[in-house]
Amino acid sequence: MPEGPSLVLMKEALLPFEGKKVTAVSGYAKADIKRIAGHKIKDIRTWGKHLLLEFPGFFVRIHLLMFGSYRVNEEKDVNPMLRLGFARNQCINFYTCSVKILEGEANDLYDWSADVLSDDWSAEKAKTKLAAHPDMLVCDALLDQDIFSGSGNIIKNEVLFRTRIHPLSVVGKLPARQLSALIKEARNYSFDFLEWKRQYVLKQHWQIYTKKECPRCHLPVTKEYLGAGKRRTFFCEHCQQRYA
DNA sequence: TGGAATGTTGGAAC
DNA sequence: CGTTCCAACATTCC
(Lines give C-alpha, C1' and ligand atoms only; values in the text may rest on other atoms or scores of the structure.)
Protein backbone atom coordinates (compact mmCIF):
# COMPACT_ATOMS: atom_id res chain seq x y z
CA MET A 1 0.00 0.00 0.00
CA PRO A 2 1.90 2.83 1.38
CA GLU A 3 4.49 4.81 -0.59
CA GLY A 4 3.67 8.39 -1.56
CA PRO A 5 1.89 7.55 -4.84
CA SER A 6 -0.46 5.14 -3.06
CA LEU A 7 -1.38 7.96 -0.71
CA VAL A 8 -2.23 10.19 -3.67
CA LEU A 9 -4.63 7.51 -4.92
CA MET A 10 -6.13 7.24 -1.45
CA LYS A 11 -6.66 10.99 -1.37
CA GLU A 12 -8.39 10.83 -4.74
CA ALA A 13 -10.72 8.13 -3.41
CA LEU A 14 -11.61 10.31 -0.43
CA LEU A 15 -12.07 13.57 -2.34
CA PRO A 16 -15.88 13.19 -2.54
CA PHE A 17 -15.91 13.71 1.23
CA GLU A 18 -14.36 17.15 1.10
CA GLY A 19 -16.77 19.69 2.53
CA LYS A 20 -18.89 16.96 4.12
CA LYS A 21 -19.73 16.94 7.80
CA VAL A 22 -18.62 14.03 9.96
CA THR A 23 -21.71 12.85 11.80
CA ALA A 24 -20.27 9.87 13.71
CA VAL A 25 -16.82 8.81 14.85
CA SER A 26 -15.63 5.52 16.27
CA GLY A 27 -12.58 3.27 16.37
CA TYR A 28 -9.90 2.18 18.78
CA ALA A 29 -7.36 4.89 17.97
CA LYS A 30 -5.86 6.32 21.13
CA ALA A 31 -6.10 9.92 19.94
CA ASP A 32 -9.07 12.02 20.97
CA ILE A 33 -10.99 11.18 17.82
CA LYS A 34 -14.40 12.08 19.29
CA ARG A 35 -13.68 15.75 18.76
CA ILE A 36 -13.90 15.20 15.00
CA ALA A 37 -17.65 14.66 15.23
CA GLY A 38 -19.79 17.51 13.98
CA HIS A 39 -17.03 19.13 11.92
CA LYS A 40 -16.80 19.49 8.16
CA ILE A 41 -13.69 18.24 6.37
CA LYS A 42 -12.17 21.43 5.04
CA ASP A 43 -9.46 19.84 2.98
CA ILE A 44 -7.90 16.47 2.19
CA ARG A 45 -4.27 16.38 1.19
CA THR A 46 -1.12 14.33 1.47
CA TRP A 47 2.44 14.97 2.47
CA GLY A 48 4.56 12.03 1.43
CA LYS A 49 3.10 9.01 3.22
CA HIS A 50 0.85 11.12 5.44
CA LEU A 51 -2.85 11.59 4.74
CA LEU A 52 -4.10 14.85 6.21
CA LEU A 53 -7.76 15.53 6.93
CA GLU A 54 -8.14 19.18 7.79
CA PHE A 55 -10.81 20.51 10.14
CA PRO A 56 -11.24 24.00 11.60
CA GLY A 57 -8.38 24.49 14.04
CA PHE A 58 -6.91 20.99 13.85
CA PHE A 59 -6.16 18.16 11.47
CA VAL A 60 -6.00 14.40 11.52
CA ARG A 61 -2.83 12.69 10.35
CA ILE A 62 -3.15 9.13 9.16
CA HIS A 63 -0.15 6.95 8.39
CA LEU A 64 -0.74 3.46 7.02
CA LEU A 65 2.65 2.17 8.16
CA MET A 66 3.34 -1.22 6.61
CA PHE A 67 -0.06 -2.93 6.89
CA GLY A 68 -2.60 -0.16 6.87
CA SER A 69 -5.65 -0.09 4.63
CA TYR A 70 -8.91 1.78 4.14
CA ARG A 71 -12.39 1.26 2.75
CA VAL A 72 -14.93 3.76 1.45
CA ASN A 73 -18.59 2.94 2.14
CA GLU A 74 -17.78 -0.62 3.15
CA GLU A 75 -16.36 -2.56 6.08
CA LYS A 76 -13.69 -5.18 6.54
CA ASP A 77 -14.09 -8.03 9.01
CA VAL A 78 -11.83 -6.36 11.58
CA ASN A 79 -12.55 -3.27 13.67
CA PRO A 80 -11.37 0.00 12.19
CA MET A 81 -8.73 2.13 13.88
CA LEU A 82 -10.87 5.08 12.81
CA ARG A 83 -14.30 5.21 11.29
CA LEU A 84 -15.84 8.44 10.03
CA GLY A 85 -19.56 8.39 9.41
CA PHE A 86 -21.42 10.82 7.14
CA ALA A 87 -24.99 11.48 6.08
CA ARG A 88 -26.85 8.81 4.09
CA ASN A 89 -24.82 5.96 5.64
CA GLN A 90 -21.65 6.98 3.91
CA CYS A 91 -18.41 6.22 5.71
CA ILE A 92 -14.64 5.99 5.56
CA ASN A 93 -12.83 3.24 7.48
CA PHE A 94 -9.13 3.17 8.27
CA TYR A 95 -7.51 -0.06 9.46
CA THR A 96 -4.23 -0.87 11.22
CA CYS A 97 -2.81 2.59 10.94
CA SER A 98 -1.41 5.42 13.01
CA VAL A 99 -3.91 8.19 13.78
CA LYS A 100 -2.79 11.46 15.29
CA ILE A 101 -4.57 14.74 15.84
CA LEU A 102 -2.48 17.87 15.45
CA GLU A 103 -3.40 21.42 16.34
CA GLY A 104 -3.48 24.26 13.85
CA GLU A 105 -2.96 24.23 10.11
CA ALA A 106 -1.08 21.57 8.19
CA ASN A 107 0.60 24.32 6.19
CA ASP A 108 2.35 25.52 9.34
CA LEU A 109 3.78 22.08 10.10
CA TYR A 110 4.69 20.62 6.73
CA ASP A 111 7.17 21.65 4.09
CA TRP A 112 5.66 20.65 0.76
CA SER A 113 8.89 21.33 -1.09
CA ALA A 114 10.15 18.01 0.36
CA ASP A 115 7.26 15.97 -1.08
CA VAL A 116 8.45 14.31 -4.29
CA LEU A 117 4.90 14.35 -5.69
CA SER A 118 3.99 17.90 -4.72
CA ASP A 119 3.63 20.82 -7.10
CA ASP A 120 5.89 22.59 -4.63
CA TRP A 121 8.67 19.96 -4.83
CA SER A 122 12.11 21.59 -4.95
CA ALA A 123 15.03 19.69 -6.45
CA GLU A 124 17.26 22.54 -5.36
CA LYS A 125 16.31 22.15 -1.72
CA ALA A 126 16.84 18.40 -1.95
CA LYS A 127 20.32 19.06 -3.28
CA THR A 128 21.05 21.42 -0.38
CA LYS A 129 19.83 18.88 2.16
CA LEU A 130 21.92 16.12 0.59
CA ALA A 131 24.98 18.37 0.67
CA ALA A 132 24.44 18.69 4.42
CA HIS A 133 24.74 14.87 4.74
CA PRO A 134 27.88 13.99 2.77
CA ASP A 135 28.46 10.73 4.68
CA MET A 136 24.98 9.36 4.16
CA LEU A 137 24.49 6.29 1.97
CA VAL A 138 22.25 6.84 -1.04
CA CYS A 139 20.07 3.89 0.02
CA ASP A 140 19.33 5.78 3.24
CA ALA A 141 18.95 9.15 1.55
CA LEU A 142 16.14 7.85 -0.66
CA LEU A 143 14.23 6.71 2.44
CA ASP A 144 14.76 9.96 4.34
CA GLN A 145 11.34 11.60 4.60
CA ASP A 146 12.80 15.03 5.26
CA ILE A 147 14.63 14.92 1.93
CA PHE A 148 12.45 12.67 -0.27
CA SER A 149 9.08 12.65 1.45
CA GLY A 150 6.93 9.89 -0.02
CA SER A 151 9.79 7.82 -1.34
CA GLY A 152 9.80 4.26 0.00
CA ASN A 153 11.63 1.02 -0.46
CA ILE A 154 10.29 0.24 -3.92
CA ILE A 155 11.03 3.74 -5.18
CA LYS A 156 14.50 3.53 -3.64
CA ASN A 157 15.36 0.33 -5.47
CA GLU A 158 13.95 1.38 -8.82
CA VAL A 159 15.50 4.87 -8.74
CA LEU A 160 18.95 3.46 -7.97
CA PHE A 161 18.65 1.00 -10.81
CA ARG A 162 17.41 3.62 -13.27
CA THR A 163 20.26 5.95 -12.38
CA ARG A 164 22.76 3.07 -12.27
CA ILE A 165 23.94 4.02 -8.80
CA HIS A 166 25.01 1.35 -6.31
CA PRO A 167 22.95 1.53 -3.08
CA LEU A 168 26.09 1.73 -0.92
CA SER A 169 27.36 4.83 -2.71
CA VAL A 170 28.11 7.75 -0.42
CA VAL A 171 26.11 10.92 -1.07
CA GLY A 172 29.13 13.24 -0.88
CA LYS A 173 31.06 11.12 -3.39
CA LEU A 174 28.44 11.25 -6.14
CA PRO A 175 29.56 13.20 -9.20
CA ALA A 176 27.30 16.21 -9.86
CA ARG A 177 25.63 14.52 -12.81
CA GLN A 178 24.70 11.42 -10.82
CA LEU A 179 23.50 13.50 -7.89
CA SER A 180 21.19 15.49 -10.16
CA ALA A 181 19.96 12.32 -11.84
CA LEU A 182 19.15 10.75 -8.48
CA ILE A 183 17.09 13.74 -7.39
CA LYS A 184 15.33 14.05 -10.73
CA GLU A 185 14.51 10.35 -10.93
CA ALA A 186 13.14 10.22 -7.37
CA ARG A 187 10.33 12.47 -8.55
CA ASN A 188 10.07 11.09 -12.06
CA TYR A 189 9.78 7.44 -11.01
CA SER A 190 7.26 8.42 -8.32
CA PHE A 191 4.93 9.69 -11.04
CA ASP A 192 5.45 6.52 -13.06
CA PHE A 193 4.66 4.54 -9.92
CA LEU A 194 1.49 6.61 -9.47
CA GLU A 195 0.18 5.98 -12.97
CA TRP A 196 1.14 2.30 -13.00
CA LYS A 197 -0.45 1.77 -9.60
CA ARG A 198 -3.59 3.52 -10.82
CA GLN A 199 -3.76 1.08 -13.72
CA TYR A 200 -2.98 -1.94 -11.48
CA VAL A 201 0.18 -2.65 -13.48
CA LEU A 202 2.82 -1.39 -11.07
CA LYS A 203 4.40 -4.74 -10.36
CA GLN A 204 4.93 -5.70 -13.98
CA HIS A 205 7.01 -2.56 -14.45
CA TRP A 206 9.48 -3.35 -11.70
CA GLN A 207 12.92 -3.64 -13.22
CA ILE A 208 14.99 -4.61 -10.18
CA TYR A 209 12.74 -4.81 -7.10
CA THR A 210 12.17 -8.52 -6.27
CA LYS A 211 13.89 -9.49 -9.53
CA LYS A 212 16.30 -12.39 -9.94
CA GLU A 213 18.02 -11.22 -13.10
CA CYS A 214 19.22 -7.82 -14.26
CA PRO A 215 17.17 -6.71 -17.28
CA ARG A 216 20.21 -4.96 -18.77
CA CYS A 217 23.08 -7.43 -18.47
CA HIS A 218 21.17 -10.57 -17.42
CA LEU A 219 23.54 -11.29 -14.55
CA PRO A 220 21.98 -12.34 -11.24
CA VAL A 221 20.54 -9.54 -9.10
CA THR A 222 22.09 -9.09 -5.65
CA LYS A 223 19.70 -8.95 -2.68
CA GLU A 224 20.99 -7.55 0.60
CA TYR A 225 19.60 -5.82 3.67
CA LEU A 226 21.31 -2.44 3.57
CA GLY A 227 21.33 0.93 5.26
CA ALA A 228 20.41 2.20 8.70
CA GLY A 229 17.10 0.37 8.61
CA LYS A 230 18.52 -2.77 6.98
CA ARG A 231 15.89 -2.64 4.29
CA ARG A 232 15.61 -5.10 1.46
CA THR A 233 17.75 -3.87 -1.41
CA PHE A 234 17.99 -5.31 -4.92
CA PHE A 235 20.75 -4.19 -7.24
CA CYS A 236 23.04 -5.21 -10.07
CA GLU A 237 26.74 -5.28 -9.14
CA HIS A 238 27.63 -4.93 -12.79
CA CYS A 239 25.32 -2.12 -13.92
CA GLN A 240 25.18 0.03 -10.79
CA GLN A 241 28.36 1.93 -10.01
CA ARG A 242 29.54 2.42 -6.47
CA TYR A 243 30.82 5.87 -5.58
CA ALA A 244 32.55 5.56 -2.23
C1' DT B 1 2.27 -22.69 5.19
C1' DG B 2 4.38 -19.25 7.32
C1' DG B 3 8.02 -16.10 6.97
C1' DA B 4 8.77 -11.73 5.26
C1' DA B 5 7.34 -7.18 4.07
C1' DT B 6 5.66 -0.86 0.09
C1' DG B 7 7.02 1.81 7.64
C1' DT B 8 7.48 4.14 11.82
C1' DT B 9 7.51 4.53 16.76
C1' DG B 10 8.60 3.97 21.37
C1' DG B 11 10.97 1.99 24.77
C1' DA B 12 14.41 -1.41 26.34
C1' DA B 13 19.17 -2.36 26.27
C1' DC B 14 23.71 -1.10 26.32
C1' DC C 1 22.57 10.11 28.60
C1' DG C 2 23.25 9.19 23.60
C1' DT C 3 22.85 5.51 20.45
C1' DT C 4 21.24 1.28 18.77
C1' DC C 5 18.21 -2.36 18.50
C1' DC C 6 13.93 -4.65 18.17
C1' DA C 7 9.21 -5.62 18.85
C1' DA C 8 4.78 -4.21 17.68
C1' DC C 9 0.90 -3.11 14.45
C1' DA C 10 -7.02 -6.76 15.02
C1' DT C 11 -2.35 -7.65 7.81
C1' DT C 12 -1.32 -9.43 3.29
C1' DC C 13 1.36 -11.69 -0.06
C1' DC C 14 3.68 -15.27 -2.46
Side-chain angles (χ1 to χ4, degrees), chain A residues 1-13 26-31 33 46-52 60-71 74-83 91-102 109-110 114-117 133 135-137 139-162 167 185-213 221-235:
Chain A
M1 259 335 276
E3 295 191 30
S6 298
L7 269 286
V8 170
L9 295 174
M10 175 168 161
K11 177 186 69 180
E12 290 177 7
S26 59
Y28 63 94
K30 286 183 189 147
I33 55 177
T46 58
W47 181 84
K49 300 165 189 170
H50 297 198
L51 176 78
L52 308 173
V60 179
R61 190 207 83 172
I62 291 169
H63 198 302
L64 297 179
L65 300 164
M66 195 80 100
F67 313 134
S69 60
Y70 66 98
R71 292 291 186 275
E74 62 180 39
E75 331 277 338
K76 293 176 72 171
D77 290 335
V78 295
N79 291 326
M81 184 71 77
L82 175 63
R83 176 193 162 87
C91 67
I92 308 171
N93 291 301
F94 299 98
Y95 302 93
T96 330
C97 57
S98 160
V99 176
K100 285 198 174 173
I101 294 184
L102 298 162
L109 284 162
Y110 287 92
D115 183 341
V116 293
L117 288 164
H133 298 284
D135 299 330
M136 190 183 260
L137 299 177
C139 62
D140 285 330
L142 281 168
L143 295 177
D144 189 315
Q145 300 302 295
D146 292 326
I147 305 174
F148 296 106
S149 171
S151 172
N153 205 37
I154 295 172
I155 293 174
K156 174 195 84 177
N157 279 285
E158 293 294 316
V159 166
L160 290 175
F161 180 75
R162 283 183 168 198
E185 204 54 43
R187 177 170 167 88
N188 190 37
Y189 176 74
S190 293
F191 279 101
D192 285 345
F193 184 128
L194 172 61
E195 291 315 314
W196 287 330
K197 179 93 182 173
R198 194 196 298 284
Q199 304 299 329
Y200 305 101
V201 294
L202 175 66
K203 204 173 294 190
Q204 69 195 57
H205 288 279
W206 286 341
Q207 293 192 83
I208 197 78
Y209 184 71
T210 73
K211 295 298 178 184
K212 295 271 192 279
E213 180 184 291
V221 165
T222 303
K223 172 187 164 187
E224 287 179 7
Y225 291 81
L226 303 179
K230 298 199 173 2
R231 301 295 301 278
R232 195 161 66 143
T233 307
F234 300 85
F235 58 100

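Below, chains carry the letters A, B, ... as their sequence lines are ordered, and counting in each starts from 1. Quick note: numbers below take in every heavy atom, side chains included, and nothing from hydrogens, waters or symmetry partners.
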Exercise. For C/dA7 and B/dG3, measure between their P atoms and round to the nearest Å.
Key: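 Between the two P atoms, the distance is 14 Å.
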
**Item:** Span that lies between the P atom of C/dC6 and that of B/dA5, in whole angstrom
**Value:**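 Here B/dA5 and C/dC6 have their P atoms 15 Å from each other.
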
| query | Does A/Lys223 count as lying over the ring of A/Phe234, i.e. NZ or CZ under 6.0 Å from the six-ring centre, within 45 degrees of the axis? | reply |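 Not satisfied by the 6.0 Å and 45° rule.
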
Please state how far atom [atom1] in [X] lies from atom [atom2] in [N], giving the value in whole angstrom units.
X        : N      : atom1 : atom2 : result
A/Asn153 : B/dA4  : CG    : P     : 16 Å
A/Trp47  : B/dT8  : CH2   : C1'   : 13 Å
A/His63  : B/dT9  : NE2   : C1'   : 10 Å
A/Ile62  : B/dT9  : CD1   : C1'   : 17 Å
A/Lys230 : B/dT6  : NZ    : C1'   : 20 Å
A/Leu65  : C/dT12 : CG    : C1'   : 15 Å
A/Ile208 : B/dT6  : CD1   : P     : 14 Å
A/Phe234 : B/dA4  : CZ    : C1'   : 11 Å

| said: In terms of relative ring orientation, are A/Tyr110 and A/Trp47 parallel, tilted or perpendicular, with 30° and 60° separating the classes? | reply: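 Because their plane-to-plane angle lies in the 30° to 60° range, the rings of A/Tyr110 and A/Trp47 count as tilted.
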
**Prompt:** Can you tell me how far the OG1 atom of A/Thr96 sits from the CG atom of A/Leu64, to the nearest 0.5 Å?
**Reply:**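 Reported to 0.5 Å precision, the distance equals 9.0 Å.
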
CG of A/Leu142 to CD1 of A/Ile154: how many Å apart, nearest 0.5 Å?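 It comes to 13.5 Å.
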
Closest to the [X] side chain: [options]?
X        : options               : answer
A/Arg61  : B/dA5, C/dA10, B/dT9  : B/dT9
A/Gln145 : C/dA10, B/dT6, B/dT8  : B/dT8
A/Lys197 : B/dT6, C/dA10, B/dT8  : B/dT6
A/Lys76  : C/dA10, C/dT11, B/dT6 : C/dT11
A/Pro2   : B/dA5, B/dT8, B/dT6   : B/dT6
A/Met66  : C/dT11, B/dA5, B/dT8  : B/dA5
A/Lys223 : C/dA10, B/dT6, B/dA5  : B/dA5

Annotated structure of DNA chain C as dot-bracket, pair cut-off 3.5 Å, Watson-Crick or G-U only, | for inter-strand, is .||||||||.||||

Taking 4.0 Å as the cut-off, does a side-chain nitrogen or oxygen of [X] come that near to OP1 or OP2 on [N]?
X       : N      : value
A/Tyr95 : C/dA10 : no
A/Tyr28 : C/dA10 : yes
A/Lys49 : B/dT6  : no

(request) Give a yes or no on whether a salt bridge exists between A/Arg83 and A/Glu75, defined as a side-chain N under 4.0 angstrom from a carboxylate O. (result)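 Answer for the salt bridge query: yes.
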
ask   = So, A/Arg162 and A/Asp192, do they make that salt bridge, N to O below 4.0 Å?
value =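 Salt bridge flag = yes for A/Asp192 with A/Arg162.
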
- Taking the nucleotide of DNA chain B with the closest heavy atom to each, which residue, A/Lys100 or A/Tyr225, is nearer the 5' end?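 Per heavy-atom nearest nucleotide, the more 5' residue is A/Tyr225.
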
| said: Quick one, A/Ser26 and A/Leu82 - any side-chain contact, counting heavy atoms below 4.5 Å? | reply: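 Not touching, per the 4.5 Å side-chain cut-off.
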
Q. If you measure only the distance, is there a donor-acceptor pair under 3.5 Å linking the side chains of A/Tyr209 and A/Arg232?
A.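 Indeed, the side chains of A/Tyr209 and A/Arg232 share at least one donor-acceptor pair under 3.5 Å.
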
